[in-house]
Amino acid sequence: MTFNARFRIKLEKVTIITVAFMLIGTLLPLLNKILLNSHHSLGVSPEYDFTLDLLLGILSGFSGGLLGGIVLVFLINDKMRKKPFGIGIMLTAVFFVLIYYFTSFLIAFTQATSKSELPFYHQEVLSKVMDLVTAPMSVVTFMHWGLVVVGTQFMLQVNDKFGQGVLKYFLIGKYHKPGEEERIFMFLDLKSSTTIAEKIGHHDYFNLLKDFYSDITYPIIATKGEIYQYVGDEIVVSWKMNNGLKNANCICCFYEIKKKINQLSDKYHHKYGFVPDFKAGFHLGKVTAGEIGIIKRDIVYTGDVLNTCARIQEQCNHHGVEILISEDLIKLIKTSAIGYPHKIGDIALRGKEEKIALYTLSGV
């Protein structure tokens, strides 16, 4: 499930890049025409075929977007996540320059040798190749696509920075004005975090959190979850109601995370001497959602549901269970997909006047 989700998300990114490149590919012929007009006071050269140039631009955008998107999304972007932001952009630019000029020289040598029937090392061929590669149109094309490729990599990393889908919300201004939504939340917390931090030291503990949050990202995305916040050793995940209830995605997320961490148990034993264990609380309710901040703008949810969900998660240790779900949520989920609900009782939560019915699961 996690692999399929990872592949699907990457494929969606490649599709978006391909469509964007095709649109951008139509701009280059227009730019070429403007440049030619600026150098010919009587109009465009009769040798210039704008229609053909436009078709080639669209075709180049499609092929470049498809191949470049695959390289950027499936190869470069994954590698660049481990690099500082600026270094990632710089390395992408260097990669593009090398590929572009390798391809340009290859095409230029082919054109020069086919027309002159001279060997590729002949002085006349070398001179024609340099003329082709350094021609104004070639330089414009290089700069055009160079900015597009670097800009694409920049947007991919910014999208990862904001979180899945959040950049889109900022661009369309969905949360520019606050609005009310009904959402499902999961507060997931590492067990015995204070003891672990004292045992392995703060440096290794930071790396543990970094590995853990990285490893559970795709299980969250696979179950349609949205990472809302990292709060120390706790992660808050949110779902739109339809996404969270469908196939019991919100609850399945917890067990997909457990499955992923178990699969990586050897890695955690080798690096830290143990496999991290965790607990989670679930609740749903209405929140006010909107953008907050000027320098560091973020999308924030406010509402009682968050406080209640945090208090539900706190009860896991007290009742000796790894998962607790509010009755309001359990009523809406098809329990056959997640196991058998077992009522813990009507529990008084810290800071709450009314008791709330909590359930755990068995047989999962």
Side-chain angles (χ1 to χ4, degrees), residues 1-7 9 78-79 81-82 160 163-164 184-239 244 247-283 309-325 337-342 344 358-364:
M1 185 177 185
T2 301
F3 172 79
N4 290 336
R6 182 181 302 185
F7 182 80
I9 292 164
D78 278 352
K79 301 290 185 184
R81 284 195 182 102
K82 300 177 181 179
D160 289 342
Q164 192 70 16
I184 299 169
F185 287 90
M186 173 181 75
F187 278 62
L188 186 142
D189 182 60
L190 284 178
K191 291 182 179 180
S192 306
S193 56
T194 303
T195 303
I196 292 171
E198 291 176 352
K199 182 178 179 180
I200 66 176
H202 64 87
H203 185 269
D204 283 344
Y205 183 67
F206 178 87
N207 287 328
L208 169 67
L209 291 178
K210 188 175 180 180
D211 283 344
F212 181 72
Y213 290 149
S214 174
D215 292 335
I216 69 175
T217 295
Y218 279 107
I220 293 170
I221 295 173
T223 49
K224 305 292 185 180
E226 300 172 12
I227 297 172
Y228 173 47
Q229 285 181 338
Y230 299 107
V231 187
D233 57 356
E234 183 176 72
I235 181 171
V236 183
V237 182
S238 175
W239 287 264
N247 301 321
N249 272 330
C250 58
I251 308 300
C252 288
C253 177
F254 179 84
Y255 293 104
E256 286 294 319
I257 289 173
K258 280 184 67 70
K259 184 169 136 183
K260 182 64 176 180
I261 297 302
N262 287 336
Q263 290 172 350
L264 299 171
S265 59
D266 288 344
K267 180 187 86 169
Y268 282 99
H269 272 299
H270 177 72
K271 292 184 70 172
Y272 306 107
F274 67 97
V275 179
D277 199 7
F278 44 90
K279 57 189 184 296
F282 292 83
H283 191 37
C309 193
R311 303 293 182 262
I312 290 172
Q313 182 264 116
E314 290 176 354
Q315 291 291 316
C316 287
N317 284 344
H318 180 73
H319 295 283
V321 295
E322 62 182 9
I323 183 171
L324 281 174
I325 309 165
I338 56 172
Y340 304 100
H342 171 65
I344 296 294
L358 299 180
Y359 289 75
T360 190
L361 296 172
S362 59
V364 181

Rounded distance (nearest 0.5 Å) linking atom [atom1] of [X] with atom [atom2] of [Y]:
X      : Y      : atom1 : atom2 : result
Trp239 : Thr223 : CH2   : OG1   : 5.5 Å
Ile216 : Glu256 : CD1   : CD    : 12.5 Å
Leu358 : Ile312 : CG    : CD1   : 5.5 Å
Ile344 : Tyr359 : CD1   : OH    : 10.5 Å
Lys224 : Cys252 : NZ    : SG    : 13.0 Å

Which heavy atom of [X] sits nearest a heavy atom of [Y], and at what distance?
X      : Y      : result
His283 : Cys309 : N-SG, 3.8 Å
Cys253 : Pro219 : SG-O, 4.3 Å
Tyr205 : Ser193 : OH-CB, 3.1 Å

Taking the side chain as C-beta and beyond, is there a heavy-atom pair between [X] and [Y] under 4.5 Å?
X      : Y      : result
His319 : Thr360 : no
Asp211 : Lys267 : yes
Tyr255 : Ile323 : yes
Leu190 : Ile196 : no
Leu208 : Phe274 : yes
Met186 : Ile257 : yes
Thr217 : Ile220 : no
Phe278 : Ile261 : yes

* Asked: Taking only residues two or more places apart in sequence or in another chain, which ones pass ring-ring contact (aromatic ring centres under 6.0 Å, His included) with Phe187?
  ->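 Here no residue qualifies.
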
* Quick one: side chain to side chain contact (heavy atoms under 4.5 Å, CB included) partners of Phe206, sequence neighbours excluded? ->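 In terms of side chain to side chain contact (heavy atoms under 4.5 Å, CB included), with neighbours along the sequence ignored, Phe206 is linked to Lys210.
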
* **Under 3.5 Å: donor-acceptor pair, side chain of Ser265, backbone of Asn262** =>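 Flag set: sc Ser265 to bb Asn262 pair under 3.5 Å.
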
* Asked: Counting distance only, does the side-chain N/O of Tyr213 pair as donor-acceptor with the main-chain N or O of Tyr230 below 3.5 Å?
  ->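 Looks like no, no N/O pair under 3.5 Å.
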
* To do: For the pair Leu188 and Val237, evaluate side chain to side chain contact (heavy atoms under 4.5 Å, CB included) and give the outcome as yes or no after the intermediate values.
  => CA-CA 8 Å; Leu188 186 142; Val237 182; 6.0 Å; no

* Asked: Taking NZ, NE, NH1 and NH2 as the nitrogens, is one of them in Lys260 or Asp215 under 4.0 Å from a carboxylate oxygen of the other?
  ->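 Looking at Asp215 together with Lys260, the answer is no, because their closest N to O distance does not fall below 4.0 Å.
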
* Asked: Considering residues, nucleotides and ligands other than Lys279, do more than 12 of their heavy atoms fall under 6.0 Å from its NZ?
  ->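 Count over threshold, so yes.
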
* Which pairs pass salt bridge (Lys or Arg N to Asp or Glu O under 4.0 Å) with one or both residues in residues 314-325, sequence neighbours excluded? ->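 Sorted pair list: Lys258-Glu322, Arg311-Glu314, Glu314-Arg350.
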
* To do: Evaluate the ring planes of Tyr228 and Phe185, with Trp represented by its six-membered ring, and classify them as parallel (under 30°), tilted (30 to 60°) or perpendicular (over 60°).
  =>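 Aromatic pair Tyr228/Phe185 classed perpendicular.
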
* **Geometric class of the Phe282/Phe254 ring pair [parallel <30°, tilted 30-60°, perpendicular >60°]** =>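 The arrangement is perpendicular - the two ring planes meet at more than 60°.
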
